[in-house]
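Taking it in order: structure first as structure tokens, then the write-up.
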Protein chains: 2
Amino acid sequence: MDTDLAFLADCRTRLAFDLVSHTWNPVVIWALKDGPGRPGELRARIGGISQKVLTQTLRRLESNGLVTRRAYGGSPPRVEYELTSLGRTLLPPIQAFGAWAHDHGDEVTRAQDRYTREA
Amino acid sequence: MDTDLAFLADCRTRLAFDLVSHTWNPVVIWALKDGPGRPGELRARIGGISQKVLTQTLRRLESNGLVTRRAYGGSPPRVEYELTSLGRTLLPPIQAFGAWAHDHGDEVTRAQDRYTREA
DNA sequence: CCGGATCCCAGACGATACTG
DNA sequence: CAGTATCGTCTGGGATCCGG
């Protein structure tokens, strides 16, 4: 019963999955793993994310206590985002998925192809 | 650079996150972890999932090669879903998130409260 | 350079009713 | 009991323009 079903019925668990279930959350977290970053810089590291969505994502992460936003006034404006210690604790689980993807990604792709062909 | 950025730029990695980023995917996978299950039964185990969404989710998992669907004809109809071996390899990563939620879920909740109060 | 405001689309999810 | 169809809602995400 420990890691059994209460496991998923548990609200906190759902909460954790919500964190990952936003497409860009894990991507942005990972992009910050090596240290603070500025929005423009992050956009460059991550490919294919619009500026608006990046901001949204960072704000969301901030509201969850995973990221801090520091603004230095002035012109041009300068902003830096950084993982909190809480945010850093999420790196290993994210990494676990990355490793899984590395090991089994092809199988999923093949399964999809097979499924499509049979349909 | 290994687990660095190519990590997330990689399409296969995105693919893995897509698997989890559907709200119900991990929940259903976890509900199947102890063996095959019938839809009605699964709905009972999982709380708050509609029948339609459960079917959708199972089909999606099937199309990704994570679950098999076996139909025994007759009346009343009998169907069983079961994790594939590929699907089972996803259990540890999912469990990693569950563990994280168990350990840090409260902190996220508190962070959210703090954020809301400040806003 | 940052990021807010707006318009727009796709799809995830729910409720219900209906077929086999 | 399993599954489909339909209708409706809501939100994530993309594109773009504008202001600080």
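Letters A, B, ... are given to chains in the order of the sequence lines, protein chains preceding strands, and every chain is numbered from 1.
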Inset, instruction - Keeping the roles fixed (side chain from B:N25, backbone from B:L19), state whether a donor-acceptor pair exists under 3.5 Å. - result: yes

Inset, instruction - Provide the full list of salt bridge (charged side-chain N to carboxylate O under 4.0 Å, His left out) pairs with a residue in residues 16-30 of chain A, sequence neighbours left out, each pair given once. - result: none

Inset, instruction - Indicate, with a heavy-atom threshold strictly under 4.0 Å, whether A:P77 touches base, sugar-phosphate, or nothing. - result: base

Inset, instruction - Using a heavy-atom cut-off of under 4.0 Å over every strand shown, decide if A:R78 touches base, sugar-phosphate, or nothing. - result: nothing

Legend entry - For atom CG of B:N25 and atom P of C:dG11, their distance in whole Å: 16 Å

Inset, instruction - Output all residues satisfying side-chain hydrogen bond (donor to acceptor under 3.5 Å, both in side chains) with A:R38, sequence neighbours left out; order by chain, then residue number. - result: none

Inset, instruction - Please list, by residue number, the residues of residues 52-59 of chain A whose heavy atoms come closer than 4.0 Å to an atom of DNA chain C; answer none if no residue qualifies. - result: A:K52, A:T55, A:R59

Inset, instruction - Can you sort out the partners of A:P92 under side-chain contact (heavy atoms from CB on, under 4.5 Å), two or more places apart, ordered by chain and number? - result: none

Inset, instruction - Would you indicate what B:G48 reaches in the nucleic acid, counting non-hydrogen atoms under 4.0 angstrom: base, sugar-phosphate, or nothing? - result: sugar-phosphate

Could you give the side-chain donor-acceptor pairs of residues 46-56 of chain B under 3.5 Å, partners two or more places apart or in another chain?
| from | atom 1 | to | atom 2 | distance (Å) |
| --- | --- | --- | --- | --- |
| B:S50 | OG | B:V53 | N | 3.2 |
| B:T55 | OG1 | B:Q51 | O | 3.1 |

Legend entry - Test side-chain hydrogen bond (donor to acceptor under 3.5 Å, both in side chains) applied to A:D106 - qualifying residues, sequence neighbours left out: B:R12

Inset, instruction - Could you tell me whether B:R69 contacts a base, only the sugar-phosphate backbone, or nothing, with contacts defined as non-hydrogen atoms closer than 4.0 Å? - result: sugar-phosphate

Inset, instruction - Return the value, rounded to whole Å, for the distance between atom CZ of B:R43 and atom C1' of C:dC13. - result: 13 Å

Inset, instruction - Rounded off to whole Å, could you give me the CG-to-P distance for the B:L61 and C:dA12 pair? - result: 12 Å

Legend entry - Contact list for residues 58-69 of chain A, test salt bridge (charged side-chain N to carboxylate O under 4.0 Å, His left out), sequence neighbours left out: none

Inset, instruction - Can you run down the side chain to side chain donor-acceptor pair (under 3.5 Å) pairs that involve residues 83-93 of chain A, sequence neighbours left out, and say none if there aren't any? - result: A:T89-B:W100

Legend entry - Separation of C:dA10 P from B:H22 NE2 (nearest whole Å): 16 Å

Inset, instruction - Shoot me the first and last contacting nucleotide of DNA chain D against chain A, ordered 5' to 3', at under 4.0 angstrom to non-hydrogen atoms. - result: D:dG12 to D:dG20

Inset, instruction - Could you check whether A:Y72 gets within reach of a base, just the sugar-phosphate, or nothing at all, counting any heavy atom under 4.0 Å? - result: nothing

Inset, instruction - Using heavy atoms to find the nearest nucleotide of DNA chain D for A:P76 and A:R60 separately, return the residue whose nucleotide is more 5′. - result: A:R60

Inset, instruction - Rounded off to whole Å, could you give me the CZ-to-C1' distance for the A:R14 and C:dA12 pair? - result: 15 Å

Legend entry - Validation row: A:I94, B:F17 side chains within 4.5 angstrom (heavy atoms): yes

